[in-house]
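What follows is one structure encoded as structure tokens, with my remarks underneath.
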Amino acid sequence: MSHAQIASIAQHEGQTVTLRGWIHNSTPRGKLLFIQMRDGSGFIQAVMRKQAVDEELFEAFKRAGQESSVELTGLVKADTRSKLGFELSVTDGKVLQSAEGFPITPKEHGPAFLHDNRHLWLRSKRQFAIMKIRHLSVQAIRNYFDERGFTLCDSPVFTPNACEGTTTLFATEYFGQQAYLTQSGQLYQEATAMALGKTYCFGPTFRAEKSATRRHLTEFWMVEPELAFADLDDIMDLAEDFTVYCVQHVLKHGREYLEMLDRDLSKLECIQKPFPRMSYDEACARLAELGVPVDPEDDFGSPHETELTKQFDRPLLVHRFPTAIKAFYMKEDPDNPLRAMGVDLLAPEGYGEVIGGGQREDDLDLLIRKIDEHELPQEAFAWFTDLRRYGSVPHGGFGMGLERFVCWVCGIRHVRETIPFPRTIDRLTP
RNA sequence: GGGUGCGUAGCUCAGUGGCAGAGCUGUCGGCUGUUAACCGACCGGUCGCAGGUUCGAGUCCUGCCGUACCCGCCA
């Protein structure tokens, strides 16, 4: 007898198979027992008839609580009464461990309770679907860059210096020195891109931001491509093409998971090129037209962002932000030094910033001046300025927050559900 | 860093200053098409913590703790 997987149950129609998994929920109905079983690959309904199995077995399954581990053998039947289209008509089985009082019942629960039980909550159908979509997103990201000649060159997690101020850095002791956990792999990608042309890193990043919002984690995964010989337009083209690829990949391979989450698929189907693009100044003018004016020398906030993205059914690229509010490494607009060659990709439906990036300052003297202006120590950036000393070229890249992407694609409210064990300002466990 | 709301059974919640409640979970029994089943019974309480007002506080006041959401900042 072979063990089958629920995910590929259609191949076994008309056959007798054995499934190994857990009782997701069960409903006794007299001499019938309906078992919602999951095996990690999917969910299926098994029907146990008292007359068809050993009496002791029937009683054992009737007593077995939610999340008991079990083995079930039966005939795979096409059945329209089951949501999957297939049902297991049980002939034999075994309760491996009979569980009692599983805390996450099929009824309603609050977020604090669910997160305290994250190790068990991952077994629910909704979390199963989200983790599958996260996986497909990672697959899409890697495929995209690998198929286009990018070389994976991961940046270090321990770093000696801050690139955007120390208040958002996690500090740690490193053999007697102060070290920080990385909040971006970008500076190192600028080095690898000069060595290999097109590179990317993909790993966890850490930010000690005191942001308790539905869009923030203190530990999150970021993919950061960097290209030599690229200007702002190239970066925007890449961000656009990449986003379309990733969304369409999930849509193509993860339809069943999106349906489990009741995602409106039409909202994802329309994520196609071209994306609307507007400069920051154009965005401010548009906001004024929409009746939400903004001070053009001050960055606009999340309500402004939402108002802007509501105008479109696909992501919006906003470029050329005020230099004053952007990081030291960002290139100034040659046409206007008050504007920097940065770009944000704002996802629709109120999801907001998913990608941030731009063209980097490639002029040695300007970069050294910017480091001073930002009151950063030159010596910490000696290796970074070397990149402009030896064969500087126009270059750029961006970072995409994986969890924000997954949150948008899933159409869920909070990023904390998009990572197996979220780390937020007020949660370190489980 | 700023603002707002909520803490009552394992969970989700109701509770008018006057006897501590419901549904679900769990345990036991019943039921042949359920999928958050249903019917009957049982089990289940430091009303977040500390102080105050009052004849009397789950309920009103103060502080603390926890939690949720919004803003700022970002991906």
Side-chain angles (χ1 to χ4, degrees), chain A residues 23-38 43-52 58 62-63 65-67 79-84 87 89 99-117 120-121 124-125 164-165 167-168 183-186 204-224 239 298-306 321 325-327 342-347 351-357 398-408 413-416 418-419 424-427:
Chain A
I23 295 176
H24 186 61
N25 192 16
S26 73
T27 314
R29 182 84 205 207
K31 296 184 177 66
L32 268 183
L33 184 59
F34 296 98
I35 302 163
Q36 310 303 321
M37 183 188 181
R38 57 172 200 89
F43 295 76
I44 195 172
Q45 170 160 278
V47 183
M48 189 180 277
R49 288 181 170 72
K50 196 170 186 175
Q51 68 208 43
F58 188 83
K62 211 173 144 182
R63 275 196 311 273
Q66 198 187 342
E67 290 303 322
D79 196 316
T80 49
R81 288 173 295 187
S82 136
K83 279 178 186 165
L84 187 66
E87 197 172 82
S89 187
E100 187 184 304
F102 187 73
I104 304 172
T105 62
K107 296 283 180 183
E108 210 179 315
H109 301 284
F113 175 78
L114 289 169
H115 281 284
D116 285 342
N117 289 285
L120 303 175
W121 186 25
S124 76
K125 209 173 255 186
E164 295 173 51
T167 53
T168 63
Q183 55 180 355
S184 165
Q186 182 207 310
T205 50
F206 307 88
R207 295 192 189 176
E209 289 165 359
K210 292 192 173 150
S211 312
T213 80
R214 64 199 171 94
R215 303 165 36 74
H216 287 85
L217 295 168
T218 56
E219 176 179 328
F220 65 97
W221 282 63
M222 185 153 68
V223 58
E224 294 173 275
D298 192 19
D299 200 4
F300 51 76
S302 144
H304 299 106
E305 232 179 65
T306 307
F321 290 90
I325 54 166
K326 288 293 171 181
V343 60
D344 281 355
L345 183 145
L346 308 178
Y351 284 95
E353 188 176 354
V354 168
I355 284 176
F398 62 78
M400 183 183 81
L402 175 65
E403 289 76 16
R404 284 190 182 174
F405 176 82
V406 175
C407 191
W408 164 41
R413 184 171 168 74
H414 204 301
V415 290
R416 66 190 165 200
T418 65
I419 185 166
T424 56
I425 184 167
D426 46 18
R427 180 171 294 278

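Only this structure's heavy atoms are used, side chains among them; waters, hydrogens and symmetry mates stay out. Per chain, numbering begins at 1; letters A, B, ... match sequence-line order.
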Taking the [atom1] atom of each, how far is [N] from [M], in whole Å?
N	M	atom1	result
C64(B)	G40(B)	P	48 Å
C71(B)	A14(B)	C1'	33 Å
C42(B)	C24(B)	C1'	15 Å
G58(B)	C13(B)	C1'	14 Å
G10(B)	U27(B)	C1'	14 Å
C43(B)	C61(B)	P	37 Å
G26(B)	A36(B)	P	16 Å
U16(B)	U35(B)	C1'	41 Å

Nearest-angstrom distance from the residue atom [atom1] of [X] to [atom2] of [N]:
X	N	atom1	atom2	value
Lys125(A)	A36(B)	NZ	C1'	11 Å
His115(A)	A68(B)	NE2	P	7 Å
Ile104(A)	A36(B)	CD1	C1'	15 Å
Met48(A)	G33(B)	CE	C1'	16 Å
Lys62(A)	A37(B)	NZ	C1'	14 Å
His216(A)	G1(B)	NE2	P	15 Å
Leu114(A)	A36(B)	CG	C1'	14 Å
Asp116(A)	A68(B)	CG	C1'	13 Å

Hey, does [X] reach any base, or is it just sugar-phosphate, or nothing, if we go heavy atoms under 4.0 Å?
X	answer
Arg214(A)	sugar-phosphate
Thr213(A)	base
Leu217(A)	base
His24(A)	nothing
Arg413(A)	sugar-phosphate
Glu219(A)	nothing
Glu100(A)	sugar-phosphate
Glu87(A)	base

To the nearest 0.5 Å, how far apart are [atom1] in [X] and [atom2] in [Y]?
X	Y	atom1	atom2	value
Gln66(A)	Phe102(A)	CD	CZ	6.0 Å
Ile104(A)	Asn117(A)	CD1	CG	5.0 Å
Phe58(A)	Leu32(A)	CZ	CG	7.0 Å
Ile425(A)	Leu217(A)	CD1	CG	12.0 Å
Arg404(A)	Leu345(A)	CZ	CG	12.0 Å

Given RNA chain B, 5'-ward residue of the pair Gly65(A) and Gly30(A), judged by closest heavy atom: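 In this pair, the answer is Gly65(A).
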Heavy atoms from C-beta onward define the side chain here; which of [options] lies closest to that of [X]?
X	options	answer
Pro106(A)	C74(B), U35(B), A36(B)	A36(B)
Met222(A)	U32(B), A75(B), U34(B)	A75(B)
Lys210(A)	C69(B), A68(B), G1(B)	G1(B)
Arg63(A)	U67(B), A75(B), C28(B)	C28(B)
Val47(A)	C74(B), G33(B), U32(B)	G33(B)

Aromatic ring of Phe220(A) stacked on base six-ring of A75(B), 5.5 Å, 30°: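 Yes; by the centre-distance and plane-angle rule, Phe220(A) counts as stacking on A75(B).
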With both distances under 3.5 Å as the test, what is the Watson-Crick or G-U wobble partner of [N]?
N	answer
U59(B)	none
G29(B)	C39(B)
C13(B)	G21(B)
C69(B)	G3(B)

A37(B) phosphate, OP1 or OP2, under 4.0 Å from Asn25(A) side-chain N/O: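 Result: yes.
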Donor-acceptor pair (no angle test) under 3.5 Å: Arg404(A) side chain, C74(B) base: yes
Under 3.5 Å donor-acceptor pair, Arg29(A) side-chain atoms to G30(B) base atoms: no
Expected output: side-chain Arg214(A) to main-chain Arg416(A) donor-acceptor under 3.5 Å: no
Main-chain N/O of Trp221(A) paired with Glu403(A) side-chain donor or acceptor, under 3.5 Å: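 Yes: the side chain of Glu403(A) pairs with the backbone of Trp221(A).
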Glu224(A) versus Gly185(A), closest heavy-atom pair with distance: OE1-N, 2.8 Å
Heavy-atom closest pair, residues Phe43(A) and Ser124(A): CZ-C, 4.3 Å
Residues which pass salt bridge (Lys or Arg N to Asp or Glu O under 4.0 Å) with Arg427(A), listed by chain and number, not counting sequence neighbours: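 With neighbours one apart ignored, the set is Asp116(A).
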What's touching nucleotides 9-13 of chain B from the protein side, N or O pairs under 3.5 Å?
from: C11(B); atom 1: O2'; to: Glu108(A); atom 2: O; distance (Å): 3.2
from: C11(B); atom 1: O2'; to: His109(A); atom 2: ND1; distance (Å): 2.4
from: U12(B); atom 1: OP1; to: Gly110(A); atom 2: N; distance (Å): 2.8
from: U12(B); atom 1: O4'; to: Glu108(A); atom 2: O; distance (Å): 3.2

